[in-house]
Amino acid sequence: MTIAGGRATSIPLMGRDEEPTIFELSAPGRSAARFRDQDLPEWSAHELVPADLVSEPLHLSEASERDVVGHFTRLSHRQYSVDLGAYPLGSCTMKYNPKLCDDVASLPGLANVHPAAPAHLTQGWLELLVGLGDALCEVTGMKAITLQPPAGAAGELTGLLLMRAWHEAQGRQRTKVIIPDSAHGTNPASVTLGGYDTVTVPSDERGLVDLEALKAVLDEDVAGIMLTNPNTLGLFEEEIVEIAAAVHEVGGLLYYDGANLNAILGVTRPGDMGFDIVHMNLHKTFAVPHGGGGPGAGPVAVSERLAAYLPGPVPVRTGDGTYAWSTPERSIGRVHGWHGNTLALARAWSYILLNGGDGLRRVAEGAVLNANWVREQLRGHYDIPFDRPNMHECVVSARNLKKAHGVKALDVAKRLLEEGFHSPTVYFPLIVEEALMIEPTETESPQTVAALVEALIRIAEGASEADREAPRTTPVRRVDEARAARQLIPTFDARP
Amino acid sequence: MTIAGGRATSIPLMGRDEEPTIFELSAPGRSAARFRDQDLPEWSAHELVPADLVSEPLHLSEASERDVVGHFTRLSHRQYSVDLGAYPLGSCTMKYNPKLCDDVASLPGLANVHPAAPAHLTQGWLELLVGLGDALCEVTGMKAITLQPPAGAAGELTGLLLMRAWHEAQGRQRTKVIIPDSAHGTNPASVTLGGYDTVTVPSDERGLVDLEALKAVLDEDVAGIMLTNPNTLGLFEEEIVEIAAAVHEVGGLLYYDGANLNAILGVTRPGDMGFDIVHMNLHKTFAVPHGGGGPGAGPVAVSERLAAYLPGPVPVRTGDGTYAWSTPERSIGRVHGWHGNTLALARAWSYILLNGGDGLRRVAEGAVLNANWVREQLRGHYDIPFDRPNMHECVVSARNLKKAHGVKALDVAKRLLEEGFHSPTVYFPLIVEEALMIEPTETESPQTVAALVEALIRIAEGASEADREAPRTTPVRRVDEARAARQLIPTFDARP
Amino acid sequence: MGHYVPHTDEELATMLASMGLSSLDELFEVVPAALRLASGLDLPDGRSEFDVLDELEAVAGRNRTDLICFAGGGAYDHDIPSAVKRVAFRSEFVTAYTPYQPEVAQGVLQALFEYQTMIARLSGLEVANASLYDGATACVEAINLAVAATGRQTVWLSDGVHPTWRDTVRTFAAGTGHDIVDVPLSDGRTAWPETGEPGALLVQFPNRLGCIEDLAEARKVADRTGALLLVAFDPVASGLLRTPGSFGADVVVGEGQPFGTPLSFGGPYLGLFACRLEHVRRLPGRLVGETVDVEGRRAYVTTLRTREQDIRREKASSNVCTNQTLIAVVAAIQLSFLGTAGLRELALRCARASRYTRESLLAIDGVEPLASAPTFREFAVRLPVNGETIVDRMAEEGFLAGIPTDGGLIVAATEKRTRSEIDAYADAMRKVLQ
Amino acid sequence: MGHYVPHTDEELATMLASMGLSSLDELFEVVPAALRLASGLDLPDGRSEFDVLDELEAVAGRNRTDLICFAGGGAYDHDIPSAVKRVAFRSEFVTAYTPYQPEVAQGVLQALFEYQTMIARLSGLEVANASLYDGATACVEAINLAVAATGRQTVWLSDGVHPTWRDTVRTFAAGTGHDIVDVPLSDGRTAWPETGEPGALLVQFPNRLGCIEDLAEARKVADRTGALLLVAFDPVASGLLRTPGSFGADVVVGEGQPFGTPLSFGGPYLGLFACRLEHVRRLPGRLVGETVDVEGRRAYVTTLRTREQDIRREKASSNVCTNQTLIAVVAAIQLSFLGTAGLRELALRCARASRYTRESLLAIDGVEPLASAPTFREFAVRLPVNGETIVDRMAEEGFLAGIPTDGGLIVAATEKRTRSEIDAYADAMRKVLQ
Ligand SMILES: Cc1ncc(COP(=O)(O)O)c(C=O)c1O
Ligand SMILES: Cc1ncc(COP(=O)(O)O)c(C=O)c1O
């Protein structure tokens, strides 16, 4: 297929010169800091606190504002990012985030509010949180929500604690949580922290939960099941209604890992599928930027029967139209020191207002279209373990290249860096050998997706031993990870 | 000399991959633009204006917000800047500008004011402009000021028109303006636009104005003289008092080109030297960032006797403490459509408040110290045509390298790019063969200045024909300037 | 406190010592003692950035920014997308200077090349420069070009040009000696003299009363008299109207503020300048051209430098050095954001808001049109009370009502004005006029 | 209107056609029909960014941001330099993700390596991770580490830890089954039990009443009982006080908000986590280490990945994946900005403002200290009126007076509070108490 229009190339225009650490840029006695005129008595350290507690000044770096700005600006030139080019990291939804959301997060009326200020002084914030919570309930088809969890994994654990509290309230002792073998690592880790044992169910030849195998492990010890839908292969669990029925039948609850919610916005809802607990990754679906690894936000929405267990306090609209905090009757307690990653929540709310109901559906359509198109184009060049209509991402395998040329998924990833793209997620899900998990996202134009596909095909066609040398054009070349672990240098002070 | 502390290297960490133009990134029908809900009748083009005036939609680029952001972000990675490293471009004062000034220029209370709003609605702005004007008068030792000129050259021309108006008011017909042979090109160009002929006086063997030669051209036709002090060789005109007396004796005026004011802040003042008219480059001395070539600001301050001629209106403080606009009695008229580059003026004001009187003197000290130190270090490696204490910049010559190795100033400049620094100004002032005009500025630390000097010495010591190949590590290599002029391609549409 | 010189006292001492000096004062010994300031500048000491920001916020708070804006006159209240602000103010663009070393300045150069292309298209001419200071000084440069090209000193200056721009033209004519002849309007359009030998006609499109000038007519006058036709245009109009170039303009200038720059009390704005290719060697300011590097890769560079003051000195086509590059980059980004469809839509929305405002005002007793010529996004009305008074009274109602002019008010509306704002504005005007 | 999918209708059609589809709906045929939303989401349609910004500005305007802040409790009102905000929010840092491909992520990796170094120094321990969510959840992770290391489920939790942090600890203990034992304060300091076999002691330094806990004593208790000593610290205190590490803490956690992050209604903040090297294989979250690339050049990479959930799954040391990297980068920049001298000065200025506030309040009739232990930048007073009421009344006077606690108010002051603000605060308090 040819698409009219130019290609939005995504070459990482990044430099190749080493940058010293800020410690190496220091000179004794220098500082950028200057302080407001306080006009207070200049009590010395010893007048302020007991002498035996006072330390020598703690040694940090010593640089001027000019050098601090130069240093971190140069570091930024050694960092690939969405704003530099495509970032098809499967499961992570690295889409472009409207810049408006940055402006919202900088509003002084939001940023300059102390979290302990009582509700009547912070009505704007409460209104915002209630608005966001309601919208997220509508998007997921759930009834109530906590906005406290600061990321997806935190949401998972919150959800598992809800599950536990609910079962306990029913007077049941349950011990196991089921997850499919394709699940993300946070799922089993959260299960452990929730005090449950993980039971893994296999995927079938379609890449979906094997319903029979699931039924085989369902019993009265099962607290619930954690699923993503679409799952981590990018495939929709078509039998989700049957799965839900089976789990509910043994008294278990269904937990929805919302990492892949981007795929179904406005199309279908976890609540309608039968899920009881849903976490969302606002940093994936609702355009909170990923920040190099956070902050995100992982609200958890639940069905009616679990509402009373939510962490508190939750913001609510009162009868007289004002807003207040309210702690659910059987709340499991707080899961965050304050109210969650609030500025990230404000970004998500602005993103929802920008897109609206119509726009959110268009998000899902664009994401699914791009990802299916990628799979179609890669057929014949890469193995496609589950070659069926996918949702927002597709998983292909470099097994063919490994067999023929010794070129692994990792080599493909490094070669793609040379081509000017961030690489897909590799070696996940674990059930696919030499997996390349590609999530183009809806914000990449057809031209960019085409350029990405061409690069992947070029890599497959030119695959050779030399690919183990890749990447050759990046700020640093292949990094010695083994040495990092063997000779651990976790701080500047630990350098030999 | 060894200086303790790490080196702030200034490697431009910039990528080397071509970026298509925004036109090439376009796809028919795409647009990032979305508009506010106006709720107005949707009159068509033909209902709004006469049909024969309506055009087809004008063709621009067609890209999404994501691609616009990506494109210009990638372009920014192909651009060296002060925030990436040292930029010792002589005469330009490429110092680091405190980031606070950016925040000031973004204050909604300053940015969202229409320039035609009357004075009583814009008291904050007028107060700011009066405060800045007063401070600049104090810094230059002058009595009154216009803030309208948007850059140094505009200030020059304004000054020359003031000179003309003043002479005419005295009933004199003057035809000539004297400039030294080391003057910046804007000086003679402004002289022509001011309706005067340029008379050039030579510099003497010290690099200063030749007082005798000056006296020889002084007559009743001379309207005035334009000088920078320190001059473009970075040298202080030590006989400035005598020069002023001689020019004043024939009824001429002295114009101070403020490009080099950074060198004497708080040390001495043009007014005290005898100058009648002074322009300042706020983008050099007062930390308005250079913006890739502007905007700047070029206020012009004058002595008492010229105040009545200033462009108007000027902001003034009235008896009751409010602020108003007032047009000087014999104003030459406006030199800008509104009030000048006002947000740049606000930046400058914040810079003055930040530094204060004490800090401004420290600026001059730091600038002069760094520049003298550079000259001391380069002695023996480069020719130093005028080897005497300099002010904020020093001019050296690559004549020795040209003779010995055929390496020109231009080659040194390109080699320095490879070393991670922006190059000095080259081939200016014109009176120095193979000139390298180095202005380190006061914001570069001793470590950075040392690194710069070492790089220059390394270049001199390694000078060879191969230097004509430099730069080899920059986003593009040496650019064919002749071809650009020969086969002019000034727009994307003019491409062959 | 407050200064930005990084040197520690020890470093200062070490550097001084290495040069055989023992104090900073000695650095200034070349300055005659009598000229040295004895007791420093009479300015307060430096303060922390937090104190300064607090003070300037307070100062800024003494401006009325709550007024809903119906003023124009070359400065328009447009919406600015977050993306444009955020990308344009990346520090690589902000803290670079004129691209003297193209090898490390491709970012700014390419952005300017794209900007030139866009301005050329908007003006309908072949070449545009990389920016001038503002609309007013761009007019001056256009006249200088025309006089040099025709060898004639006389300029016919339409009264439809913004008054401050005309003032500016006159100020600079005192130096160049150009003979500026004012040409009056008749019912909102320039009434060109029958005879004369001008070197240039300068007309504004639409003009200061918002009226769309008859450029075809102006071109005929220029042809008849042998003058160049200089058009000061509103670049947003090109989203809807034919370009000045399509009518035969020789030089097109204008104010680029509407493309991404806030009102800012008047600056920094952006002088637009485009001309026919035959005049390129008289072009003022910088010009970026495409070329190749030694490896044949596409590259950009400032070109035709021999026009410029740093090479040509007293014979230069202009004295411009520092201009408005960053604002040009802003405009390039904003125009990329708008794109073909967005520019059209922007122009339509301005025109619709303007028409709705006009109709709302004319429905008020005592409000009359000042001219009958067609308008685009700005228009003038005659009022029973003088314009300054109206502006003052309307400010009390929460509006910046417009720009006073002889016998009336010039009113502008942009895509930012909504029906409810315009209705409220008309209601307030009704109240104020009673 | 308002969506951010760039595809034009034509492109959609072309792409669909190339896959043999004719509508977007067909993409979702794998979704059982019964599950498909018939009429879309019940949310308003999308709007332009300008409309949305206006609305959210109005919402934000319904928060009281004019109150002068004397509240702390883990969230402090510090000045943030412009440079920190501008550099930290460069889009390369903002729009990247976890550095899975180190070759193109050296920027974030090096910034995190510098951050880890700074946090290790502030805590006085050998290794710090690359961030956790916030102070409260960092406490949870510290407990998990200690229980795993000692094999003991009992945790002695000091009542001096912020109440919301204690709540959070208890919430998660429901999953892990840890036995959380509350330990009361006595005159402002933790009174450890004489006997018991805890796996961990968790104490806050200074504690929620602002009192400086006796860490030497806590270390003795830990040694005696065989527990690990976990200290939740105020990292700003390390500018003045000895580090928890110097007292023998095994794990140090804390809230990093004071380093460059605005109050933000409580998030995103920054969970600090440092431990002794011997516990590094139990460290939760990411860890960056220095290494080399194949050419031997210095490079950084996330390391000891085998602790993490994506590899270790149900046996991982923690479930943390996305954490707070950008806030860690902010902290690294702010700490670079402060430097050695600035951190000391910051701590001194907080302590001075706090002492001045304390003295001013204690001079008021009826105001008494809640405890006699020494304090650093926060302190508690007993008042004749309950804390909530005081906060409400003081808000009318323009102050956020502090955080109510049993029988009083916890008051904090930072380097941002000036004498005139504190005097006004004390005056208002006098008035309110009358
Ligand atoms: C499928 C899936 N589940 C859960 C998570 C965990 O979310 P977070 O990183 O926000 O903790 C991720 C994150 O990558 C994921 O992809
Ligand atoms: C000595 C000198 N004079 C005048 C100017 C002109 O100033 P501007 O570029 O602001 O017009 C310059 C600019 O480089 C200069 O260096």
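In what follows, every chain begins at residue 1, and chains take the letters A, B, ... in the order their sequences are listed. Only heavy atoms go into these numbers, but all of them, side chains included; no hydrogens, no water, no symmetry mates.
- Atom CH2 of residue W373(B) and atom OG1 of residue T14(C) lie 10.5 Å apart, to the nearest 0.5 angstrom.
- Heavy-atom distances place no part of N97(B) under 4.5 Å from chain C, backbone and side chain included.
- Chain B forms more heavy-atom pairs under 4.5 Å with one residue of S91(C), G73(C), G289(C) than with any other, namely S91(C).
- With respect to chain B, the highest number of heavy-atom pairs below 4.5 Å among R170(C), R313(C), R64(C) belongs to R313(C).
- Pairing each heavy atom of G46(C) with each of D358(B), the nearest pair is N-OD1, 2.9 Å.
- With chain B as the partner, the residue from F28(C), F89(C), Y269(C) showing the most heavy-atom pairs under 4.5 Å is F28(C).
- When the candidates H71(B), K414(B), R362(B) are compared by the number of heavy-atom contacts under 4.5 Å with chain C, R362(B) comes out ahead.
- Only the side chain of L89(B) has a heavy atom closer than 4.5 Å to any heavy atom of chain C.
- For F492(B), the parts lying under 4.5 angstrom from a heavy atom of chain C are both the backbone and the side chain.
- Heavy-atom distances place the side chain of R164(B), and not its backbone, under 4.5 Å from chain C.
- Rounding to the nearest 0.5 Å places NE2 of H422(B) at 9.5 Å from CD of E103(C).
- Between E18(B) and R297(C), none of the side-chain N atoms (NZ, or NE/NH1/NH2) sits under 4.0 Å from a carboxylate O, so this pair counts as no salt bridge.
- The aromatic ring centroids of F265(C) and H339(B) lie less than 6.0 Å from each other.
- When all heavy atoms of G291(B) and T325(C) are compared, the closest pair comes out as O-CB, 3.4 Å.
- To the nearest 0.5 Å, atoms OH (Y97(C)) and NE2 (H283(B)) are separated by 5.0 Å.
- The contact between R36(C) and chain B is made by backbone and side chain atoms together, counting heavy-atom distances below 4.5 Å.
- Looking at T198(B), the atoms closer than 4.5 Å to chain C (heavy atoms on both sides) all sit in the side chain, from C-beta outward.
- The CG atom of L346(C) sits 5.0 Å away from atom CZ of F35(B), with the distance rounded to the nearest 0.5 Å.
- Heavy-atom distances place the side chain of R361(B), and not its backbone, under 4.5 Å from chain C.
- Here the shortest heavy-atom pairing between L353(B) and E55(C) reads CD1-OE2, 4.1 Å.
- Salt-bridge check for R62(C) with E127(B): passed, with a basic side-chain N closer than 4.0 Å to an acidic carboxylate O.
- Put simply, CG on L343(C) and NE2 on H59(B) are 12.0 Å apart, with the number rounded to the nearest 0.5 Å.
- Only the side chain of F236(B) comes within less than 4.5 Å of a heavy atom of chain C; its backbone N, CA, C and O stay farther away.
- In this structure, R121(C) is positioned above the aromatic face of F23(B), its NZ or CZ under 6.0 Å from the six-membered ring centre and within 45° of the axis.
- With sequence neighbours excluded, the residues satisfying side-chain hydrogen bond (donor to acceptor under 3.5 Å, both in side chains) with E345(C) are R349(C).
- Heavy atoms closer than 4.5 Å to chain B are found in the side chain of V280(C), but not in its backbone.
- In this structure, chain B has a heavy atom under 4.5 Å from the side chain of L67(C), while its backbone stays farther away.
- With a 4.5 angstrom heavy-atom cutoff, I332(B) touches chain C via backbone and side-chain atoms both.
- Within the 4.5 angstrom heavy-atom criterion, only side-chain atoms of E376(B), from C-beta onward, approach chain C.
- Residue contact with chain B, scored on non-hydrogen atoms closer than 4.5 Å, involves the backbone and the side chain of A353(C) alike.
- Ion pairing of D293(C) with R478(B) is absent here, as no side-chain N (NZ or NE/NH1/NH2) approaches a carboxylate O to less than 4.0 Å.
- For chain C, no part of A165(B) is nearby; none of its heavy atoms comes within less than 4.5 Å.
- In plain terms, the two heavy atoms of P41(B) and R419(C) that are nearest each other are CD-NH2, 3.9 Å.
- Of the atoms belonging to V87(C), it is side-chain heavy atoms, and not backbone ones, that fall under 4.5 Å from chain B.
- Of the atoms belonging to P471(B), it is side-chain heavy atoms, and not backbone ones, that fall under 4.5 Å from chain C.
- Neither the backbone nor the side chain of E156(B) comes within contact range of chain C, judged by heavy atoms closer than 4.5 Å.
- At a cut-off of 3.5 Å, with distance as the only test, a side-chain donor of D134(C) or H336(B) sits close to an acceptor on the other residue.
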Would you check, one step at a time, whether the test side-chain hydrogen bond (donor to acceptor under 3.5 Å, both in side chains) holds for T164(C) with W338(B)? CA-CA 7 Å; T164(C) 61; W338(B) 297 105; 5.9 Å; no
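- Using a 4.5 Å cut-off on side-chain heavy atoms (C-beta onward), L100(B) and L53(C) make contact.
- The shortest distance between side-chain heavy atoms of Q106(C) and Q79(B) does not fall below 4.5 Å.
- For the atom pair OG1 of T340(C) and CD of E62(B), the computed distance is 4.0 Å after rounding to the nearest 0.5 Å.
- A donor-acceptor pair shorter than 3.5 Å can be found between the side chains of Q101(C) and S423(B).
- Remark: A346(B) pairs with V104(B), L110(B), W125(B), L128(B) by the side-chain contact (heavy atoms from CB on, under 4.5 Å) rule, at least two apart or across chains.
- With chain B as the partner, the residue from K315(C), E290(C), M118(C) showing the most heavy-atom pairs under 4.5 Å is E290(C).
- Taking the six-membered ring where the residue is Trp, W43(B) and Y356(C) present tilted rings, their angle falling between 30° and 60°.
- Heavy atoms of F93(C) lying under 4.5 Å from chain B belong to its backbone as well as its side chain.
- For T243(C), the part lying near chain B is the side chain, with the backbone staying farther off; criterion is any non-hydrogen pair under 4.5 Å.
- Counting heavy atoms from C-beta on, the side chains of N63(C) and L121(B) never come closer than 4.5 Å.
- Among S350(B), P389(B), A116(B), the residue making the largest number of heavy-atom pairs under 4.5 Å with chain C is S350(B).
- Per-residue heavy-atom pair counts under 4.5 Å with chain B were compared for A136(C), P268(C), G339(C), and the maximum is reached by P268(C).
- Contact between P490(B) and V127(C) at its shortest, heavy atoms only, is CB-CG2, 3.9 Å.
- Shortest non-hydrogen contact noted between V301(C) and A484(B) is CG1-CB, 3.4 Å.
- Side chains of H7(C) and E442(B): a donor-acceptor N/O pair is absent below 3.5 angstrom, by distance only.
- For the residue pair N319(C) and T186(B), no side-chain donor N or O sits within less than 3.5 Å of a side-chain acceptor on the partner.
- Both the backbone and the side chain of L53(B) come within less than 4.5 Å of a heavy atom in chain C.
- Proximity to chain C is absent for every atom of A494(B), based on heavy atoms less than 4.5 angstrom apart.
- Contact of L24(C) with chain B is made through the side chain alone, with heavy-atom distances under 4.5 Å.
- Between chain B and the residues F376(C), W165(C), F172(C), F113(C), the largest count of heavy-atom pairs under 4.5 Å involves F113(C).
- A351(C) touches chain B through backbone and side chain together, each having a heavy atom under 4.5 Å away.
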